[in-house]
Amino acid sequence: MKTLKLVDGSSFDVAVTSSGASLVFVLTSFADCDPLVQQIKASALASLDDAPLNGKAITAITAAKADGGVQLTFTLSDTTKQQTLDDIAGGIAGGSVSSDIQQIVDLAKKGRDSLSDTDAAGYAEYFPEWSPDSVAYKAGDRVQYGGKLWKVSSDHTSQANWDPADAHSLFAEILPGQAGTPIGEWKQPDASNTYSKGDKVTYNGKTYESTIDNNAWSPEAYPQGWKGITE
């Protein structure tokens, strides 16, 4: 038996094991599970015997039949570590961070900025949010907006009515296969990011190369603008 203590000061003796990632109780019946679950959910964990549990949060609860009764498992997560990871992710996207993780954030930003446009599009949440507040953007800068990653086409100072989705002369969403990026599934471009001659895409399971500039059509809609290739 071990003594499980909660932050509210309550404690009780239970048959329980802990791996650091979970608390596993052995109970007589399923009817015994609910009171224990309610008591633990009502307060934060403090310790199990001499082992501290502060900083641990319950992320899942499962109950299953076991030899001699019921095995009740509380899956734990380390809230301190998760908060640090969240802080790092926020710092990479431009948020403020504490000095002890600034070096990690700076290193991660270098890795982020070295990604190709197509690879970077899969990590849009790690790029700064577009701001309308008179930010001086340079051609080649990348920002997130509307859940997508956008690339600045020309130098400008931002303002509210020049958001990436509407200011086509200032921003372009980089699509797979453009500007030498890895080949990906064709996506409908707008006036700011049409496919150029030589860009390659996949479409309906086949690979195509654009034969014209300013190509805004799919291989199906305008076959003359594409040729099938083998990669």
Side-chain angles (χ1 to χ4, degrees), residues 79 82-203 208-222 225-226:
T79 56
Q82 185 59 52
Q83 184 60 54
T84 299
L85 292 174
D86 291 344
D87 289 345
I88 291 173
I92 296 171
S96 60
V97 296
S98 59
S99 58
D100 58 330
I101 63 173
Q102 185 63 58
Q103 188 174 7
I104 298 173
V105 169
D106 291 342
L107 181 62
K109 283 182 177 180
K110 290 181 179 179
R112 176 201 67 185
D113 294 340
S114 69
L115 293 173
S116 70
D117 290 326
T118 297
D119 289 340
Y123 300 93
E125 68 272 21
Y126 292 105
F127 286 82
E129 287 273 4
W130 174 78
S131 171
D133 300 327
S134 300
V135 175
Y137 287 115
K138 299 291 185 182
D141 288 347
R142 294 182 289 199
V143 298
Q144 58 169 304
Y145 181 78
K148 299 178 180 180
L149 187 66
W150 303 79
K151 191 170 186 176
V152 177
S153 302
S154 58
D155 296 356
H156 68 281
T157 299
S158 66
Q159 58 186 52
N161 59 340
W162 287 356
D163 65 78
D166 294 325
H168 295 163
S169 64
L170 301 177
F171 296 91
E173 180 191 0
I174 300 298
L175 303 181
Q178 291 185 336
T181 56
I183 299 172
E185 187 69 22
W186 178 87
K187 292 178 65 176
Q188 179 63 57
D190 57 36
S192 69
N193 60 350
T194 54
Y195 289 95
S196 299
K197 185 176 181 179
D199 287 347
K200 299 174 183 179
V201 301
T202 57
Y203 187 81
Y208 294 88
E209 181 178 323
S210 177
T211 58
I212 60 174
D213 288 327
N214 300 316
N215 191 346
W217 302 276
S218 71
E220 180 180 12
Y222 189 62
W226 300 89

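Heavy-atom basis, side chains included; hydrogens, waters and symmetry copies ignored.
In this structure, the side chain of Arg112 does not engage the main chain of Ala93 through any donor-acceptor pair within 3.5 Å. In this structure, the side chain of Gln188 engages the main chain of Ala216 through a donor-acceptor pair within 3.5 Å. Although no hydrogens or angles enter the test, the distance criterion places a donor-acceptor pair under 3.5 Å between the side chain of Asp199 and the main chain of Ser196.
Taking OG1 of Thr202 as the start and CD of Glu185 as the end, the distance is 4.0 Å to the nearest 0.5 Å. To the nearest 0.5 Å, atoms NZ (Lys200) and CD1 (Ile183) are separated by 5.5 Å.
The shortest distance between side-chain heavy atoms of Tyr145 and Asp163 falls below 4.5 Å. Looking at heavy atoms from C-beta onward, Ile104 lies out of side-chain contact with Leu107 at the 4.5 angstrom threshold. Residues Asp166 and Asn161 are not in side-chain contact: their nearest non-hydrogen atoms beyond the backbone lie 4.5 Å or more apart. The side-chain heavy atoms of Lys197 and Ile212, taken from C-beta on, include no pair separated by under 4.5 Å. Taking 4.5 Å as the limit, every side-chain heavy atom of Asp155 sits out of range of all side-chain heavy atoms of Tyr137. Residues His168 and Asp190 have side chains in contact (heavy-atom distance under 4.5 Å, counting atoms from C-beta outward).
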**OP:** Determine, step by step, whether Glu220 and Tyr203 satisfy the side-chain contact (heavy atoms from CB on, under 4.5 Å) criterion, reporting the C-alpha distance in whole Å, the side-chain angles of both residues, the deciding distance to 0.1 Å, and the verdict.
**Re:** CA-CA 8 Å; Glu220 180 180 12; Tyr203 187 81; 2.8 Å; yes

Original post:
salt bridge (charged side-chain N to carboxylate O under 4.0 Å, His left out) between Glu173 and Lys187: does it pass, once the steps are laid out?
Top reply: CA-CA 10 Å; Glu173 180 191 0; Lys187 292 178 65 176; 3.1 Å; yes

**OP:** Kindly indicate, with the supporting measurements, whether the criterion side chain to side chain donor-acceptor pair (under 3.5 Å) is fulfilled by Thr194 and Asn215.
**Re:** CA-CA 5 Å; Thr194 54; Asn215 191 346; over 6 Å; no

**OP:** Applying side-chain contact (heavy atoms from CB on, under 4.5 Å), run through Phe171 and His156 and close with a yes or a no.
**Re:** CA-CA 10 Å; Phe171 296 91; His156 68 281; 3.5 Å; yes

Donor-acceptor pairs are to be reported for all side-chain atoms of residues 125-135 against protein atoms at under 3.5 Å, with residues two or more places apart or in another chain.
unit_1	atom_1	unit_2	atom_2	d
Ser131	OG	Asp133	N	3.1

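In terms of heavy atoms, Ser169 sits closest to Ser154 at O-OG, 3.7 Å. Across every non-hydrogen atom of Ala139 and Ser153, the tightest pair is CB-O, 3.7 Å.
In summary, the aromatic rings of Tyr222 and Trp217 are positioned with their centroids under 6.0 Å apart. The aromatic ring centroids of Tyr195 and Trp226 lie less than 6.0 Å from each other.
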